[in-house]
Amino acid sequence: MFTGLFSELVQQISSFRESKSDDKRFYIFTATKTLHLRSDSKRDRVAWIQALVSTRSLFPSRSLNDSLSLVSNDLSISTDRLKKRLLDEGINENIVKDCELIMISEFSEIQVQVKVLCEERSNLHDTLRQLEAANIENETSGIPDGEYQLTKHEFSSLGRGKYSDYSTTESSDDIEKQELEEVSDEDGASFYDTKEYFTELDVSGLPLTEVGKYSEKHRRFNQLDNEERMHAEKRICSSGYPHIERRKNLPDPAEKEKGVSLWSVIKDNVGKDLTRVCLPVYFNEPISSLQKCFEDLEYSYLLDRAYEYGKAGNSDLRILNVAAFAVSGYASSEGRHCKPFNPLLGETYEADFPDKGVRFFSEKVSHHPTLIACHCEGRGWKFWGDSNLRTKFWGRSIQLDPVGILTLEFDDGEIFQWSKVTTTIYNLILGKVYCGHHGMMHIQGNRQYSCKLKFKEQSILDRNPHQVQGFVEDASGNKVASLFGKWEDSMYYTTGDGTSKTKDRIPSSNATLLWKRNKPPLNLTRYNLTSFAITLNELTPGLQERLPPTDSRLRPDQRHLENGEYEKANEEKQRLERRQRMSRQLQEDGWKPRWFQKEGENGSFRYNGGYWEARELGNLDGCPNIFGEFNENLVESSEGCLT
């Protein structure tokens, strides 16, 4: 593994240089980054430099155009075999010559076309690099320049023309000092230890010289979390709640899955709203959008912590934890390429997690437009909102634009509101499918602090994706803290106005961890569900008897999909889609959601209350069996589909 990493690094090197100010340090410059390495001793540094010099000779540099060139200028074609075969068949020699000329002419035409294609490919690659450079220069357009940058790669040919391949001259030290200062200001340079760099390239995005310090910080955070869990367990025991053992895996599939081409399904729907497009069940994951809403509360302990900080008078730490919570909801989307089931009108979902101290409830309150409302109560806080997705298919990608406001209210009256950022799913037709989140998120508070976060859009050649950067400001507009991290991994903060150099924006000794993603389950399925998501559709012992018939756990197509019964799941999904077509008529006839009510004509939906009380009393008889059989004669023309 070490040899492979070393060889890969050497192939990308533009230049390398020893430091004159530190006899253990040396620098490696590539086209996209600068590595600042420190060896254990001066002798080790000499050994490293010798290894780089000797190994680099094994990988001669090649220009971009050389690597893209597919056809040399001296390509030729031989017609000897063809002529011999035709003459053997008794073909007239004049005709053979004519055939030879035709073949050479056609080959020349093809050769010209291939050369044109190679040139176009080279030009395209150059254009992509220019766009990448332009994107890097403007990537913080939503945040003032020079602030809140986790890293910033310089995509110009760093080291080409500036540096010789290897230099230790005295005169180069002045250049080194000047240019390394430029790197520090512009590139966000990081310092690495040579031994740790090649054995473990990255530890949650931290510079590895800080790993020891952060290990201690992480230990303290984990200790706090462990203590928090212990207190939670004590509260559960003292409150009389039974301990609920939740599952760790999905059931083993009962059938072998069949592959379906996504392009064959959606090729005729470019530019349309995909909520109106019927997709086979194979493109779903075994949870509904109602359950997906609760998945955003996996890290609800951040809100518990925020409540405690605010109660102790630490309003700045409160909003920092609120911001980390707003980012943490995106972590579960990494590697998730299937979409949740679109609920039926009136479908509900409850989640009672005493160990987390939360009770969550959601309901689909409108079919056109599709609206999902949710309400959650935790330890000292309430969280609610309604949401809709505007979905567009653009040929190679799907863009999801959330519509709606999320509200968080603490028991002391402090309120924060924000909206989600845009999500785009790329490479639907060709390449590896992946999703990205991008845009500005404004977390507006009603008291002293607010927060602005920028989710950086991933570019084509981005080697450090998923970045989130932002700041907290007070009521006067003064910046009091900076946040940075990755939405699929972790978030950090530093205090201050954010005017220090970029190199201080990377996690270092003065940065504090706010949130760290939980480890994925050991046995991943094709859905890539998190350990928390695996529990959302589970019917724990005794639960089914207490659920209303509208709960997502009782949805038959979703249950069949979870069990790997794909044929049954598809049949049930098509049956429920026919039922769904009645939803618009139901709304026009005056249907109203049972547990949520709209605030004014243009307001959001708020929880009426009463669900948990009715559940305790077993008074849920009025809830319709929306997943049962129905009179298909009532179904009118197609108004919408489940997706």
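Being a predicted model, the structure only gives us computed values, none of them experimental.
Applying the side chain to side chain donor-acceptor pair (under 3.5 Å) rule to Thr530 yields no partners; only residues at least two apart in sequence or on another chain are considered. Residues passing the side chain to side chain donor-acceptor pair (under 3.5 Å) test with Asp589, sequence neighbours excluded: Gln585. For Asp386, there are no side chain to side chain donor-acceptor pair (under 3.5 Å) partners two or more places apart in sequence or in a different chain. Residues satisfying the salt bridge (Lys or Arg N to Asp or Glu O under 4.0 Å) test with Arg246, not counting sequence neighbours, are none. In this structure Asp412 satisfies the side chain to side chain contact (heavy atoms under 4.5 Å, CB included) test together with Arg318, Phe410, Glu414, Arg447, sequence neighbours excluded. Partners of His375 according to the side chain to side chain contact (heavy atoms under 4.5 Å, CB included) rule, which considers only residues two or more places apart in sequence or in another chain, are Glu377, Lys382, Trp384, Phe596, Tyr607.
Residue Phe360 is tested with Phe294, Trp612, Phe353, Tyr611 for a ring-ring contact (aromatic ring centres under 6.0 Å, His included); the sole match is Phe294. Considering Lys292, Lys364, Glu363, Arg553 as possible partners of Tyr349, the one that fulfils the side-chain hydrogen bond (donor to acceptor under 3.5 Å, both in side chains) test is Arg553.
If you take NZ on Lys486 and OH on Tyr492, they are separated by 10.5 Å, rounding to the nearest 0.5 Å. Atom-to-atom distance recorded for Leu290:CG and Phe341:CZ is 12.5 Å, nearest 0.5 angstrom. Considering CG of Leu303 and CG of Asn321, their distance stands at 8.5 Å, rounded to 0.5 Å. To the nearest 0.5 angstrom, Cys374 atom SG is 7.5 Å from Leu297 atom CG.
A pairwise comparison of heavy atoms in Asn284 and Pro340 identifies ND2-O, 3.5 Å as the closest pair. Here the shortest heavy-atom pairing between Pro548 and Thr348 reads CG-OG1, 4.0 Å. Taking each heavy atom of Arg305 and Leu514 in turn, the nearest pair found is NH1-O, 3.3 Å. Of all non-hydrogen atoms in Thr550 and Pro624, the two that sit nearest each other are CG2-O, 3.3 Å. Here the closest non-hydrogen pair linking Leu302 and Ala324 is CD1-C, 3.8 Å. Smallest separation of non-hydrogen atoms from Leu536 and Gln291: O-NE2, 3.3 Å.
Checking Glu473 against Asn478 by side-chain atom types alone, no donor-acceptor pair falls below 3.5 Å. In this structure, a donor-acceptor pair under 3.5 Å is present between the side chains of Asp304 and Trp381. Between the side chains of Thr424 and Gln399, not a single donor N or O lies within less than 3.5 Å of an accepting N or O. The closest side-chain donor-acceptor pair between His438 and Thr422, if any, does not fall under 3.5 angstrom. For Glu347 and Ser552, the side-chain atoms include at least one donor-acceptor pair closer than 3.5 Å. Judged purely by distance below 3.5 Å, without hydrogens or angles, the side chains of Lys568 and Asn563 never pair a donor atom with an acceptor atom. Gln467 and Gln469 share a donor-acceptor pair across their side chains, judged by distance under 3.5 Å alone.
Ring pair Tyr566/Tyr282 is tilted by interplanar angle, where 30° to 60° counts as tilted. Aromatic ring pairs are classed by plane angle as parallel below 30°, tilted from 30° to 60° and perpendicular above 60°; the pair Trp515 and Tyr299 is perpendicular.
Taking the ring axis of Phe532 as reference, the NZ or CZ atom of Lys356 stays within 45° of it and closer than 6.0 Å to the ring centre. Figure legend: cation-pi geometry between Lys420 and Tyr330, with NZ or CZ positioned under 6.0 Å from the six-membered ring centre and within 45° of its axis.
By the 4.5 Å heavy-atom criterion applied to side chains, Glu298 and Asn518 are counted as neighbours. The shortest side-chain heavy-atom distance between Ser397 and Ile425 does not fall under the 4.5 Å cut-off. Within the 4.5 Å cutoff, side-chain heavy atoms of Pro286 are placed close to those of Tyr527. By the 4.5 Å heavy-atom criterion applied to side chains, Val472 and Lys479 are not counted as neighbours. The closest side-chain heavy-atom distance from Ser450 to Phe471 is not below 4.5 Å. Residues Ser288 and Gln558 meet the side-chain proximity criterion, which asks for heavy atoms closer than 4.5 Å.
The closest donor-acceptor contact from the side chain of Asp551 to the backbone of Leu554 lies at 3.5 Å or more, if one exists at all. A donor-acceptor pair under 3.5 Å is absent between the side-chain atoms of Asn528 and the main chain of Arg336, judged by distance alone. A distance-only check finds no donor-acceptor pair linking the side chain of Glu572 to the backbone of Pro556 [under 3.5 Å]. Side-chain N or O atoms of His337 include one that pairs as donor or acceptor with a backbone N or O of Val433 at under 3.5 Å. Remark: the backbone N or O of Gly346 is not paired with any side-chain donor or acceptor of Arg594 at under 3.5 angstrom. Of the possible polar contacts, none joining the Asp352 side chain to the Arg359 backbone as a donor-acceptor pair under 3.5 Å is found. Between the side chain of Arg579 and the backbone N or O of Ile626 there is at least one donor-acceptor pair closer than 3.5 Å.
The 12-atom threshold is not exceeded at CD1 of Ile405, counting heavy atoms of other residues, nucleotides or ligands nearer than 6.0 Å.
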- Message: Is there a ring-ring contact (aromatic ring centres under 6.0 Å, His included) between Phe383 and Phe416? Walk through the geometry before answering.
- Response: CA-CA 10 Å; Phe383 174 80; Phe416 296 97; over 10 Å; no
- Residues Arg526, Glu285; criterion salt bridge (Lys or Arg N to Asp or Glu O under 4.0 Å); working and verdict: CA-CA 9 Å; Arg526 77 175 183 93; Glu285 59 184 10; over 6 Å; no
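Salt bridge annotation for Glu562-Arg555: absent, with no cationic side-chain nitrogen under 4.0 angstrom from a carboxylate oxygen. Using a cutoff of 4.0 Å between basic side-chain nitrogens and carboxylate oxygens, Glu571 and Arg575 are not scored as salt-bridged. A salt bridge is defined here as a Lys NZ or Arg NE, NH1 or NH2 lying under 4.0 Å from an Asp or Glu carboxylate O, and Arg517 with Asp489 fails to meet this definition. A salt bridge is absent between Glu565 and Arg559; no separation between the charged side-chain nitrogens and carboxylate oxygens falls under 4.0 Å.
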